[in-house]
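Notes for the one structure printed next.
Note on naming: letters A, B, ... go to the chains in the order of the sequence lines (proteins, then strands), and numbering restarts at 1 for each one.
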Amino acid sequence: MTTLSDHRLERSYFLQDVLQVARSMPGKYLVMQNAGEAHRFVITDVEAYRGEEDEACHARKGKTGRTRVMYFQGGVLYVYLIYGMHWMLNVVAGPQEEPQAVLIRGLQSINGPGRLTRHLGIDKTYNEEDLVRSSRIWLEDNPASEGRIITRPRVGIDYAGKRWREKPWRFILQDH
DNA sequence: AGCAAGATCGGT
DNA sequence: CCGATCTTGCTG
């Protein structure tokens, strides 16, 4: 018998380049399992951060205590605190030693990267969690997903140079 | 040891 | 538009 969990995304998906991963992520499910109950949320809004050369990426200054997880192979979570208040949820992408990550900015019915982690109870204990093996959080393909993806410049990165500010690396599911 | 900045949010 | 709130990374 086929169950939805057979749709869990495997390693090969996350090993793709971050731009491929990011633009195909809207429409997929973020699954949270607690007390044996799985809750599925459609991902609607993401951004790609790509390598040390990307002036908007945390890895622009190389490997540090905080960014070391970005150098892991794709499929693990990068969770960090911003402004002393909000947990940001990122999915590491690409092969080992290539620092790339997808910031999840919105879910169906929960907009905003800080609001969604608060709603789901995601905090620093999720940092470095492996989406391919975890029993409390993973991603699933959504065969029924339809809807167009629109692109926009990334948000909140005024510190980056113009060339990087203007990259259309935000991917939003149309009508959300 | 001290400091400035930050991939945000909610209230004026 | 501004303040909250605290970790991180850089400087000395």
Side-chain angles (χ1 to χ4, degrees), chain A residues 9 13-30 32 41-131 137 139 149-174 176:
Chain A
L9 295 174
Y13 174 74
F14 301 105
L15 292 179
Q16 300 176 95
D17 187 272
V18 68
L19 293 175
Q20 299 275 42
V21 176
R23 75 174 179 236
S24 61
M25 197 176 285
K28 298 201 184 310
Y29 288 115
L30 171 63
M32 299 290 300
F41 303 86
V42 176
I43 297 170
T44 58
D45 188 352
V46 304
E47 284 174 355
Y49 290 86
R50 190 176 187 280
E52 296 181 349
E53 68 275 19
D54 177 2
E55 294 176 9
C57 180
H58 286 168
R60 66 189 177 278
K61 289 170 184 166
K63 195 183 289 188
T64 66
R66 182 174 67 158
T67 63
R68 72 179 201 115
V69 61
M70 295 190 78
Y71 292 77
F72 290 5
Q73 69 172 347
V76 300
L77 295 181
Y78 166 38
V79 178
Y80 69 93
L81 187 67
I82 189 66
Y83 301 115
M85 268 171 254
H86 308 291
W87 296 104
M88 297 289 104
L89 174 62
N90 295 256
V91 177
V92 172
Q96 198 169 10
E97 297 310 321
E98 286 193 27
Q100 308 183 337
V102 178
L103 170 66
I104 301 184
R105 296 194 62 91
L107 304 174
Q108 197 163 58
S109 77
I110 317 173
N111 298 312
R115 297 181 65 203
L116 74 89
T117 53
R118 185 159 49 86
H119 200 271
L120 301 183
I122 289 171
D123 59 17
K124 65 176 181 291
T125 69
Y126 282 79
N127 193 40
E128 301 188 9
E129 187 101 352
D130 188 354
L131 291 175
I137 185 170
L139 297 194
I149 307 290
I150 62 178
T151 62
R152 290 287 182 277
R154 294 173 293 180
V155 175
I157 54 163
D158 290 345
Y159 54 84
K162 186 167 185 277
R163 173 186 166 207
W164 297 99
R165 283 200 311 267
E166 293 179 345
K167 297 258 184 223
W169 287 359
R170 183 180 184 189
F171 302 90
I172 307 167
L173 192 61
Q174 185 74 278
H176 288 277

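- With distances taken from any side-chain atom of A/K61 to the nucleotides B/dA7, C/dA4, C/dC10, the minimum falls on C/dC10.
- Look at CZ on A/R152: it is 18 Å from C1' on B/dA7, rounded to the nearest Å.
- In this structure, the CD atom of A/E55 is 13 Å from the P atom of B/dG6, given to the nearest Å.
- The two residues A/Y78 and A/N127 come nearest to each other via the heavy atoms CA-OD1, 3.4 Å.
- The shortest distance between the side-chain N/O atoms of A/R105 and the OP1/OP2 oxygens of B/dT8 is below 4.0 Å.
- Atoms CG (A/D158) and C1' (B/dA5) sit 13 Å apart, rounded to a whole Å.
- Across all strands shown, A/M88 has heavy atoms under 4.0 Å from sugar-phosphate atoms exclusively, and none from any base.
- Here C/dG9 is the nucleotide among B/dC9, C/dT5, C/dG9 with the atom lying nearest to any side-chain atom of A/T64.
- Put simply, CH2 on A/W87 is 15 Å from P on B/dC9, counting in whole angstrom units.
- When the side-chain nitrogen and oxygen atoms of A/R115 are compared with OP1 and OP2 of B/dG10, one or more of them lie within a distance under 4.0 Å.
- In this structure, A/I82 atom CD1 and C/dG9 atom C1' are separated by 13 Å, rounded to whole Å.
- The pair A/R68-A/E128 counts as a salt bridge, with a side-chain nitrogen and a carboxylate oxygen less than 4.0 angstrom apart.
- A 3.5 Å limit on both hydrogen-bonding distances identifies no Watson-Crick or G-U partner for B/dA7.
- Contact between the side-chain N/O atoms of A/Y159 and the OP1/OP2 oxygens of B/dA7 is found at a separation under 4.0 Å.
- The side chain of A/L103 sits closest to B/dA7 out of C/dG9, C/dA4, B/dA7.
- With centres under 5.5 Å and a plane angle under 30°, the ring of A/Y49 is stacked against the base of B/dA7.
- A salt bridge does not link A/D17 to A/R23: none of the charged side-chain nitrogens sits closer than 4.0 Å to a carboxylate oxygen.
- Between A/E97 and A/K63 there is a salt bridge, since a side-chain N of the basic residue sits under 4.0 Å from a carboxylate O of the acidic one.
- Of the residues A/Y80, A/Y159, A/Y49, the one that meets the ring-ring contact (aromatic ring centres under 6.0 Å, His included) test with A/H58 is A/Y80.
- Between the CZ atom of A/R50 and the P atom of B/dA7 there is a distance of 20 Å, given to the nearest Å.
- Nucleotide C/dT5 forms no Watson-Crick or G-U wobble pair with any nucleotide shown, as no partner meets the under 3.5 Å limit on both distances.
- Atom CD in A/Q100 sits roughly 18 Å away from atom P in B/dA7 (whole-Å rounding).
- In plain terms, the two heavy atoms of A/M70 and A/V92 that are nearest each other are O-CG1, 3.8 Å.
- Counting only heavy atoms from C-beta on, A/L81 has its side chain closest to C/dC6 among C/dG9, C/dC6, C/dT5.
- Within 4.0 Å of A/R60, counting heavy atoms only, lies no atom of the nucleic acid at all.
- Distances from the side chain of A/V155 to the nucleotides B/dT8, B/dA7, C/dT7 place B/dT8 closest.
- In this structure, A/R154 places its CZ atom 12 Å from P of B/dT8, rounding to the nearest Å.
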